[in-house]
Number of protein chains: 2
Amino acid sequence: MSEEPAAHPAPTAPSAPLAVSAPPAESALSAPPAEPRGRRLSQDDRRRQLIGIGLQMLASRPIHALSIDAVAAEAGISRGLLFHYFPTKQHYYAAVVRAAARRLLNAAQAHPHVAPAEQVRSIVAAYVGFIDRHLEPYVAFFHRGAGADADLQEIFDNVRDTLTDRVLAASKLEANPASRMTVRAWWALVESLAVDQATHHATTSEALVRYAVDVLADLLARVDELRGE
Amino acid sequence: MSEEPAAHPAPTAPSAPLAVSAPPAESALSAPPAEPRGRRLSQDDRRRQLIGIGLQMLASRPIHALSIDAVAAEAGISRGLLFHYFPTKQHYYAAVVRAAARRLLNAAQAHPHVAPAEQVRSIVAAYVGFIDRHLEPYVAFFHRGAGADADLQEIFDNVRDTLTDRVLAASKLEANPASRMTVRAWWALVESLAVDQATHHATTSEALVRYAVDVLADLLARVDELRGE
DNA sequence: GGCATCTCTTGAGCAATGCTCAACATACCG
DNA sequence: CGGTATGTTGAGCATTGCTCAAGAGATGCC
């Protein structure tokens, strides 16, 4: 959880101060700017650059279709250097997915100073909006990306758990196993709805968010039924 | 959808007629018997054998951790032969996942001659039971397995769509976009619950199934809220 | 039986690629 | 200006996905 492309591009590029050129500064799953192949970056900047390239190149293709060579070429560095920063291709991929996860979690934050119901609604709205705006990379990183090892699984679990915690906290519910299980499952439902919506636009985002929130209430109203009996 | 390990082992093995030796014949995601490295099998039998090996070896490790060499060695054949049956490692993997999907769909069938509510209940119970009995391979093939290309995506979509169709048919509902979207999302919820349950055993299967069925009713009762408005 | 043919099977070999490592170069510091 | 730290390179190794021409076992026909 220590590496991630920051909002600013590498400091060695004096002409690219804070925002990207073409698209207006949008904190997305897609990508930071391309680096003029300057050399001798600091550890942090190099990591950021490489992870940024990963976010970019892996948004549209699965990990097995991306070679270390391609990343190195895009970054203007040698293959070897990539292994200096990431001991393994899997580690590199995990770092990229971790960055994507952080962006997602960053987008779906709670507003601490509003009523509980409104907090949940805003989290869901942000989450749904994020998927709507970044469908392809979202699917690439969080569905298709599952392919690998325990590291990845841990990242996904962490995202789900964090979102679940936020909803539980926002709705002032006690966090017992049954309610956690319920909210986690509800997030799976919301995700499915959001991906469907982003794909087919069968309804409005507002209707979908309201539906999701109401459904959560239904689910929690039945939570005793789930527990033992 | 044409290749799949059948119930019977390869015919060239005269001492293994129909059921596996150690575990009683259980239609699972796990594995058919190991083949004595006889030679010269028929196309169908060889495919079945190879897919069976895949079901076995991929139940516990991701695809990138399994080499064609390992499969060939396990089957007692040369690397080259595997590419005679599957033009690509991805094709091989897709065939294995397809076999796993078929087993899952086979397990979660509707009983056509009972009341609608009971039909839905039995489908869900079978699905939940399947995950409970085969958690590791289920996760390996249907979560972790997502990693690859469009072929895989198509298989998963097909599973979801088929399950959705069955539930819609069993509950005598009209299949409009909103109801399909709802039922698909509900399946995502059920899957999450089932995986959680298989992992932590926080409640009983019966309670979980009843909960799932009741929740579906809640969801469908709200479906107008989802549509336009 | 002998020959032809079909199909399953092999194994050498190529190219791509993940990964290692010793050497190099550039920045910083005294 | 020399020394040290560290970012960087590129040759090279082993693995592995994949190709291909040739071999071997079965089957059919005379």
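Just so you know, these numbers use all the heavy atoms, side chains as well, and skip hydrogens, waters and symmetry mates.
- Using a distance-only test at 3.5 Å, with no hydrogens or angles considered, a donor-acceptor pair links the side chain of A:Trp186 to the main chain of A:Ala212.
- Sparse packing is recorded around NE2 of B:His113, with 12 or fewer heavy atoms of other residues, nucleotides or ligands lying under 6.0 Å away.
- In this structure, a donor-acceptor pair under 3.5 Å is present between the side chains of A:Glu191 and A:Tyr138.
- Between the side chains of B:Ser42 and B:Asp45, at least one donor N or O sits under 3.5 Å from an acceptor N or O.
- The listed nucleotides are D:dT9, D:dG7, C:dT9; the one nearest the side chain of A:Ser78 is D:dT9.
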Between the protein and nucleotides 22-26 of chain D, list the N/O to N/O atom pairs that are separated by less than 3.5 angstrom.
residue, atom, partner, partner atom, Å
D:dG25, N2, B:Arg40, NH2, 3.0
D:dG25, N3, B:Arg40, NH1, 3.4

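- At whole-Å resolution of the value, CD in B:Gln43 and C1' in C:dC8 are 8 Å apart.
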Sort me out a list of protein N/O and nucleotides 16-19 of chain C N/O pairs below 3.5 Å, or just none if empty.
residue, atom, partner, partner atom, Å
C:dG18, OP1, A:Lys89, NZ, 2.8
C:dG18, OP2, A:Ile68, N, 2.9
C:dC19, OP1, A:Thr88, OG1, 3.2
C:dC19, OP2, A:Lys89, N, 2.6

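- Separating the CG atom of B:Asp45 from the C1' atom of C:dT9 is a distance of 15 Å, rounded to the nearest angstrom.
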field: A:Asp196 and B:Arg180: CA distance, side-chain angles, deciding distance, salt bridge (Lys or Arg N to Asp or Glu O under 4.0 Å) verdict
entry: CA-CA 10 Å; A:Asp196 252 25; B:Arg180 292 191 63 81; over 6 Å; no

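- Side chains of B:Ser205 and B:Leu208 form no contact here, defined as non-hydrogen atoms less than 4.5 Å apart.
- Counting only heavy atoms from C-beta outward, the side chains of A:Leu193 and B:Arg184 never approach each other to under 4.5 Å.
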- prompt: Using Watson-Crick and G-U wobble pairs whose two distances are both under 3.5 Å, how do you write the pairing of DNA chain C as dot-bracket, with | for links to another strand?
  reply: ||||||||||||||||||||||||||||||

task: Any chance you could lay out the salt bridge (Lys or Arg N to Asp or Glu O under 4.0 Å) test for B:Asp157 and B:Arg160, step after step, and finish with the verdict?
output: CA-CA 5 Å; B:Asp157 286 348; B:Arg160 260 208 312 279; 3.0 Å; yes

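- Protein atom CG of B:Leu81 is 18 Å distant from nucleotide atom P of D:dA21, rounded to whole Å.
- Atoms CG (B:Asp44) and C1' (C:dT7) sit 14 Å apart, rounded to a whole Å.
- Residue A:Glu154 qualifies as open at atom CD: its count of foreign heavy atoms under 6.0 Å is 12 or below.
- Geometric assessment of A:Arg103 against the ring of A:Phe130 yields a negative cation-pi assignment under the 6.0 Å and 45° thresholds.
- Spacing between atom OH of B:Tyr85 and atom C1' of C:dT10 amounts to 12 Å, rounded to whole angstrom units.
- Atoms NE2 (A:His84) and C1' (C:dA22) sit 14 Å apart, rounded to a whole Å.
- Side-chain contact of A:Gln153 with A:Asp149: a donor-acceptor pair under 3.5 Å is absent, judged by distance alone.
- For the pair B:Leu82 CG and C:dC8 C1', the interatomic distance rounds to 14 Å; values are reported in whole Å.
- Regarding B:His91, its NE2 atom lies at a distance of 13 Å from the C1' atom of D:dC18, rounded to whole Å.
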